Structures are given as C-alpha cells and as structure tokens.
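None of these values were measured; they are calculated from a predicted model.
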Protein chains: 2
Amino acid sequence: MRIGEAAAAAGMTTKTLRFYEDSGLLPAAKRSLNGYRDYTEDSVARLEFIRRGRAAGLALTQIREILGLRDAGKAPCAHVQDLLSNQLADLDHQIAELMALRSVVAGLHATAASGTDASCDPGRICSYL
Amino acid sequence: MRIGEAAAAAGMTTKTLRFYEDSGLLPAAKRSLNGYRDYTEDSVARLEFIRRGRAAGLALTQIREILGLRDAGKAPCAHVQDLLSNQLADLDHQIAELMALRSVVAGLHATAASGTDASCDPGRICSYL
DNA sequence: CTCAACCTTCCCCTACACTGGAATGTCAAG
DNA sequence: CTTGACATTCCAGTGTAGGGGAAGGTTGAG
C-alpha cells in the first residue's frame, strides 16, 4: 500500500511516516517502480505499536530502543518493563511538582481574591505576586 | 551597578538579563561611559518580580503584560488575578492529564509485572505495550 | 488533453527560555 | 606591561515531534 493509505490506517500523516523513517523508527521502505514507498500490513502493525508507545507517554528514542531490540531478534519485554517503571516514577515526579506549584499558585490566588488593589505598591509591580 | 552584580543580586546570569532586555521585560539599561549597562535597585526589584512570576509558572509573555501595565501607570492587580485564575485552571488541567496517563501506564506496568515474556509475539513487537 | 490527487525530495519553521561561544573592548592590580 | 576578570555584540544551538510549503514527478478519470 502507498504511504497515504498506511498513514490513514495508523491514524497518522504521511509527514509523520517519512519522519519516522528518517528517525530510524521505520526501516527504509521498499519502493514501487515509480519510486513510491510501499508498505505492508507489518508496517502498519509497527506504526500501531509506535502509537501505543506514544500513548503511554514514551519518547521516540525509547520506542526506537524497543524496536531495535525486536529487530535484533531479542524479546524487548524486560526492557519495556523497565521503561514502564521509569515512566511511572517520572509521572509521579511530574505530578508532585505540578501539585506543589498548584498549591503555591492557589495561595497567591486566594490572597489576590481577598486583597485590595489599593495596597499595591508600584515599586513592587504587583503585590499579588 | 554593573550587569554581573545585578544578575547575582537577582540570582540570574548576565545572559538572562540581556535576554530579558531583548525580550522587552527590562527597559534598555542606561549605559556608563564605557558602554557597560548600569542597573539600579529598582532594576533588581523588577528582576525579583520576574522571578516570582516564573516561580508561579507564568510565561514570560504574561509577565511582560503585567510589567507593561505597571509601566503604563496602571495597577496590574486585576490582570494578575485573572492570570492566577487561568494558571490554576491550567495546572488542574495538566495534573488531570498526567493522572490519566499515570493510570494508563500503571495498568500496563501491572500487566507487565504479572505477565510472562514467553507469550510475546514478535509481530506485536512487545505484548506489554 | 487536462485536472485532481497522489507521490517525491529538500529545507525551513514552530514553542520556550535561555545557553554557548567567538571576537573584541575596558579596567584595576601586580 | 600584562594578566585576569569583567563587559560588549552577534550568531547559533538546545530538545521534541513533527508541520508548512516549494518544485516537480506519476497516475487514473473524464
């Protein structure tokens, strides 16, 4: 199938497929006589795997590692487990940071909602911050 | 004072101060006879305000708006209130998205921890994802 | 024949907040 | 006089995941 068809099947754009090829996530596609890339069902399965990886918040470099292992004939499952562990820890870390920031901002917001503009000293730019 | 001193007082680098000037957050600094920028205590107060804004997660464009109002002689307090409200809503949104992602990843991780590598079909790349 | 819808390569652009480095000028101390 | 620590300008790069658009080739339908 041609690139547009494969892209549609995977829910991506043709740009993305060429980008993935350039980035080493897809092997260089076979070409038809006219020079067009020619994809198979396997290509679409690979694209769908990439999609699942992205949906889990993995970076393309990590997905590339997994694909590299599989292409080397090794089962990447243990590595995927590690990546998922790290991803979970990263997410917890990011969530904790955002919650800390949220509480700072909530405090400022509460002060701003209860305060009066009149007390604002120009030298301080804005007393609510 | 010279740029290095002002930067140190505000806990920033000289690069950052020049960048802020270029970005319209600081007025073009007065120059000494030798061409060096010359800062005052007010400059440092302004830098500290920028720092507080950044610490609240505001973008430089938003901080620039606040400073612009103050420079125009208006009290930016009402605008700051709006920004804080939006920031709070944005943070809640981001946190909700991360928590949703976290639950997806946690599910995958649990499956990966309990599953067996043997069942992994190469055509699927990795069954854990 | 021509038109539209595909496809190709190539290069630049996006957001964000800086950071690095080159080439050069200024100034006080030893 | 020289050295070192400052300062200046300007240009380019960082990371991420593609997107925009030009200039041109290919194919099927009407």
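- Among the heavy atoms of the strands lying under 4.0 Å from Thr13(B) are primed sugar atoms or P, OP1, OP2 only; no base atom is included.
- Phosphate proximity of dA17(D) to Arg51(A): absent, as no side-chain N or O sits under 4.0 Å from OP1 or OP2.
- Looking at which nucleotide of DNA chain C each of Arg2(B) and Arg54(B) is closest to, the 5′-most match is held by Arg54(B).
- dA17(C) atom P lies 4 Å from atom CG of Leu60(B), rounded to whole Å.
- The CZ atom of Arg18(A) sits 12 Å away from the C1' atom of dC10(C) (whole-angstrom rounding).
- What separates OH of Tyr36(B) from P of dT24(C) is a distance of 16 Å, to the nearest Å.
- For the atom pair Glu97(B) CD and Gln94(A) CD, the distance stands at 12.0 Å (nearest 0.5 Å).
- Atom CG of Leu25(A) and atom C1' of dA17(D) are 11 Å apart (whole Å).
- Comment: Asp90(B) does not engage Arg102(A) in a salt bridge, judged by the lack of any side-chain N to carboxylate O separation of less than 4.0 angstrom.
- Atom-to-atom, CE of Met12(A) to C1' of dG19(D) comes out at 15 Å; the value is rounded to the nearest Å.
- Note on Arg31(B): every side-chain N or O is 4.0 Å or more away from OP1 and OP2 of dT26(C).
- Residue Arg37(B) holds its CZ atom at 15.0 Å from CE of Met1(B), rounded to the nearest 0.5 Å.
- In the displayed structure, Arg51(A) atom CZ is contacted under 6.0 Å by at most 12 heavy atoms of other residues, nucleotides or ligands.
- Taking 4.0 angstrom as the limit, Arg37(A) places none of its side-chain polar atoms (N or O) nearer than this to OP1 or OP2 of dC7(C).
- For the pair Asn34(A) and Tyr20(A), nearest-nucleotide mapping onto DNA chain D gives the more 5' position to Tyr20(A).
- Closest to the side chain of Ala59(A), out of dA17(C), dT9(D), dA17(D), is dA17(D).
- Judged by distance alone, the side chain of Arg2(B) and the main-chain N or O of Gly4(B) form no donor-acceptor pair under 3.5 Å.
- Between Leu58(B) atom CG and dC16(C) atom P there is a gap of 13 Å when expressed in whole angstrom units.
- As a whole-Å value, the separation of Ile3(B) CD1 from dA7(D) C1' is 8 Å.
- At the phosphate of dG18(D), neither OP1 nor OP2 sits under 4.0 Å from any side-chain N or O atom of Ser23(A).
- Toward the 5' end of DNA chain D, the nearer of the two residues Leu33(A) and Phe19(A), judged by each one's closest nucleotide, is Phe19(A).
- One end of the helix from dC1(C)-dG30(D) to dG30(C)-dC1(D) points its axis 30° away from the other end's axis, with each axis taken from 5 pairs and the angle rounded to 10°.
- Ion pairing between a basic and an acidic side chain is recognised when a charged N comes within 4.0 Å of a carboxylate O; Asp71(B) and Arg46(B) show such pairing.
- Following rounding to the nearest Å, Asp38(A) (CG) and dT27(D) (P) show an atom-to-atom distance of 13 Å.
- Here the side chain of Arg54(A) pairs a donor or acceptor atom with the backbone of Leu58(A) at under 3.5 angstrom.
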